[in-house]
Structure formats: C-alpha cells, structure tokens
Q: 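What follows is a structure written as structure tokens; I'll ask about it next.
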Amino acid sequence: MMMLKSSPAKTGRNDPCPCGSGLKYKKCCLNKASETSGMEYMKKKYLKKFGIHLNDKKAIEGIRVAGRLVIETLDLVEKMIAPGITTDEINTVVHSFAVEHDAIPAPLNYKGFPKSVCTSVNDVICHGIPDDRILVDGDIINVDVTHIYKGFYADASKTYFVGTPGENAKKIVDVSATCLKKAMSMLEPAKTIGDIGWAIQQYAQGRGCSVVREFVGHGVGKEFHEPPQVPHYGKKGAGIPLVPGMVFTVEPMINLGRAELFIEKDGWTAVTADHCLSAQFEQTFLITEHGYESLTPYEL
Ligand code: MF3
Ligand code: CO
Ligand code: CO
C-alpha cells in the first residue's frame, strides 16, 4: 500500500513556502526569513492576506508579562475552588488581583459582558457569568481569565474539579486537557490552522466526545480577539500556514455528549443542548522559528 504523506515537521528548501504563496520555500521566504527585512516582508503579507499581526519582540514581551499575571490569577483561583464558594467570589478575586497589579480584566464590559471573568459550570460550555451560584461537590468549573497589561492581552483558562470528581467529570476534563496537548504538538512553522483543529477533533471523537463548533480560538495581543480564527476541528494541512510571530489561543471546548448548544436568555451563557458535561483548557501561544512558546504556560 501507499505510504500516507504527512506534512513535514520542518520546512525544507523544496517544500511549499509557509507563507502560502504556492512557491517553493527556497524561491520565496527562505532567504528573506533570516533577515530583518524578510520579517518585514512576511509581516506585510500576513496582514494584507489574512489580517494577521505578526508580533515583534516588544509586543511578545508585553503579552508574556500579561500572560504571567493571568497564570498567577488562575493559581490563586485554583486555591479557592471548593464546595460552598460562589462564582461571584471567584469574580471578586480575579477582579481584585488584576486591579492590584495595574491590569484590566478584559471581559468586564466587553460587548456588554457584566463581570471580570467567565465561570462555566458543568453543562455550561463557556461565557458563564459569575453570580450567587454555589459550587457543590462533584461540579466541574472552567475559569477563563483575560487581562490587559500595558495595552497587551493574554487569555487562558482551566477546568477545575470541585471536591471529588465522578467518572464523567474525570473523563471530560482528561479528554479536553489532552486535546490541548495534541494541539500543541502541531504548533510549528509550516503546520497549518487546519492541522490544529484536525488533531483536536481526531482525539476528542476517538474518545467518544464531541467538539464545539460555534466558538473558536483567536489571535490575541493588541486586541482581545484578532484574526486568525482557530477552529477546534478541521482538515490536515488546510488553512493558513503557521509562521513565527503569530500569537493565538487554542481553547477546545469538548462535550461528553453531543456538540449542539444553546445560548441562555442573558445572551452569553452557552449550554450543551443535551445538558451533558463540557470542559475546556486554553492557553495563548507564540509560534517561534522551531515550534512554539506558551505565553500563559501551565502543566497539562
Ligand atoms: N476569554 C474568552 C475567550 O477565550 C472570551 C470571553 S468574552 C467575555 O475568548 F465577554 F465573555 F468575557
Ligand atoms: Co480566548
Ligand atoms: Co479565554
């Protein structure tokens, strides 16, 4: 039988150029890529073709610092998660931490969102609004933190167990964390946006779970949501090629049951149509010359 041809791990001289021109790498960006002027060339090209900002050193450092604050916030939240607390209490901690560190909690007033963080419990997929709901033993809760620091945004989330998890909770949290790991193995130049979604979809469906389609990862940095969109499903090798300087989130929302959802009357809260559990992990990633760096790093 024929060998399956997979996309190359690194771009060879004769491989298609990662900029998507259709030319061979050596005939296109190879020489330019090593020079500062080459970076400028690629920057213009990605902006014009896809609306994507390729970030320079200064912007990357700005997002990295914002990312550190996001991770410190999630660490603080992790310590307080227990049966008996309310999601409003999480909001207070996230808001206070941001303000005390000269950061702005990005969700607050974003397109009318009323709180400083998203808290999504059990069958809530994302965009849960903190309120007086009391967490109970066996719940799962995703806490999604985005801070703006000195004009730079970083975005990350984790799903936590409240007390002792049941079998379903353990499974969906494990599958969604592993989906993010699988996505990370695709983050390098010459892989594509489609490869990321493919890796996630493949794994999630292989474990009998489903991928939410209505919400996607996104470019992030100078704005909350920038191009490109990063679907958590897709075809191998399809879509925009990854190039150094791209910063975007990957944030697969994985459902234990069916993929369908509805939005509650508040206009935000996304809930699984079958009310089965949903879990999510999100980090902000920078594409580097040889792979990636998480700008909101945590162990998975
Ligand atoms: N942090 C979410 C994301 O990952 C966006 C939340 S928008 C809000 O993109 F308004 F709900 F906060
Ligand atoms: Co995001
Ligand atoms: Co987020």
Side-chain angles (χ1 to χ4, degrees), residues 52-53 55 63 66-75 77-78 87-88 90-95 97-98 103-121 124-131 141-149 152-160 176-177 179-180 183-184 187 193 196-197 200 211-232 246-254 261-271 278-286 292 294-298 300:
I52 294 173
H53 288 104
N55 295 276
I63 304 165
R68 247 174 249 143
L69 287 176
V70 167
I71 291 305
E72 284 176 41
T73 307
L74 284 173
D75 288 346
V77 166
E78 185 155 9
T87 50
D88 251 341
I90 296 171
N91 183 70
T92 302
V93 164
V94 170
H95 185 89
F97 184 89
I104 301 166
L108 188 59
N109 301 321
Y110 176 76
K111 298 186 174 171
F113 192 81
K115 298 285 176 132
S116 299
V117 63
C118 299
T119 53
S120 305
V121 181
V124 177
I125 294 168
C126 63
H127 300 167
I129 302 171
D131 61 11
I141 178 169
N142 176 277
V143 179
D144 191 338
V145 175
T146 310
H147 291 330
I148 315 166
Y149 184 73
F152 293 104
Y153 290 73
D155 186 7
S157 83
K158 272 188 187 182
T159 300
Y160 303 103
S176 60
C179 279
L180 185 53
M184 287 157 77
L187 300 180
I193 295 286
I196 298 171
I200 293 165
V211 175
V212 170
R213 289 177 172 253
E214 286 85 345
F215 301 104
V216 296
H218 51 90
V220 63
K222 294 198 173 106
E223 311 266 6
F224 202 158
H225 296 112
E226 304 175 2
Q229 299 197 58
V230 183
H232 303 109
M246 283 172 88
V247 174
F248 56 82
T249 72
V250 184
E251 47 182 300
M253 285 140 276
I254 307 299
L261 60 80
F262 68 92
I263 307 288
E264 282 186 354
K265 281 200 286 288
D266 58 25
W268 284 102
T269 313
V271 184
S278 182
Q280 179 182 27
F281 289 83
E282 171 179 28
Q283 293 187 29
T284 295
F285 298 104
L286 163 72
Y292 72 92
S294 177
L295 302 177
T296 54
Y298 61 76
L300 279 160

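Sequence positions, counted from 1, serve as the residue numbers for this chain. Values below: all heavy atoms of this structure, side chains included; hydrogens, waters and symmetry mates excluded. It should be emphasised that the depicted structure is a prediction, and the values quoted were computed from it without experimental measurement. As the structure lists them, so they are numbered: ligands from 1, and atoms in each ligand from 1.
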Q: Could you pull out the closest heavy-atom pair between Ile125 and Val271, with the gap in Å?
A: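 Ile125 and Val271 have their closest heavy atoms at CD1-C, 3.9 Å.
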Q: Quick check: does Glu251 get an N/O under 3.5 Å from an N/O on ligand 1?
A: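 Right, the criterion is met.
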Q: Walk me through whether Lys115 and Asp88 qualify under salt bridge (Lys or Arg N to Asp or Glu O under 4.0 Å).
A: CA-CA 9 Å; Lys115 298 285 176 132; Asp88 251 341; 2.6 Å; yes
Q: Starting from the Co ion (ligand 3), look over the N/O/S atoms of Glu282 and name the nearest one.
A: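 Checking each N, O and S atom of Glu282, the shortest distance to the Co ion (ligand 3) belongs to OE1.
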Q: With a 4.5 Å limit on heavy-atom distance, are the side chains of Phe248 and Ile196 in contact?
A: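 Result yes, sub-4.5 Å side-chain heavy-atom pair found.
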Q: Describe, in one word, how the ring planes of Phe281 and Tyr298 are oriented to each other, choosing from parallel (under 30°), tilted (30 to 60°) and perpendicular (over 60°).
A: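 Ring orientation of Phe281 relative to Tyr298: tilted.
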Q: Which ligand 1 atoms does Trp268 reach within 4.0 Å, using its non-hydrogen atoms?
A: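 Taking each heavy atom of Trp268 in turn, ligand 1 has 8 (C), 10 (F), 11 (F) under 4.0 Å.
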Q: Could you grab the angle centred on the Co ion (ligand 3), going from OD1 in Asp144 to OD1 in Asp155, to 10°?
A: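 Vertex the Co ion (ligand 3), arms to OD1 of Asp144 and OD1 of Asp155: 90°.
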Q: How close does the nearest protein non-hydrogen atom get to atom 12 (F) of ligand 1, and which residue and atom is it?
A: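 The protein heavy atom lying closest is Pro107 CB, 3.0 Å.
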Q: Could you check whether any heavy atom of Lys115 sits closer than 4.0 Å to an atom of ligand 1, since that is the contact criterion I want to use?
A: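 False for this residue.
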Q: What orientation do Phe224 and Tyr110 show, parallel under 30°, tilted 30 to 60°, or perpendicular over 60°?
A: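 Correct class here is tilted.
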Q: Using a plain distance cutoff, I'd like to know if Tyr110 has any nitrogen or oxygen under 3.5 Å from a nitrogen or oxygen of ligand 1.
A: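 No, no N or O pair falls under 3.5 Å.
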Q: Strictly under 4.0 Å, does any heavy atom of Glu282 approach an atom of ligand 1?
A: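 True for this residue.
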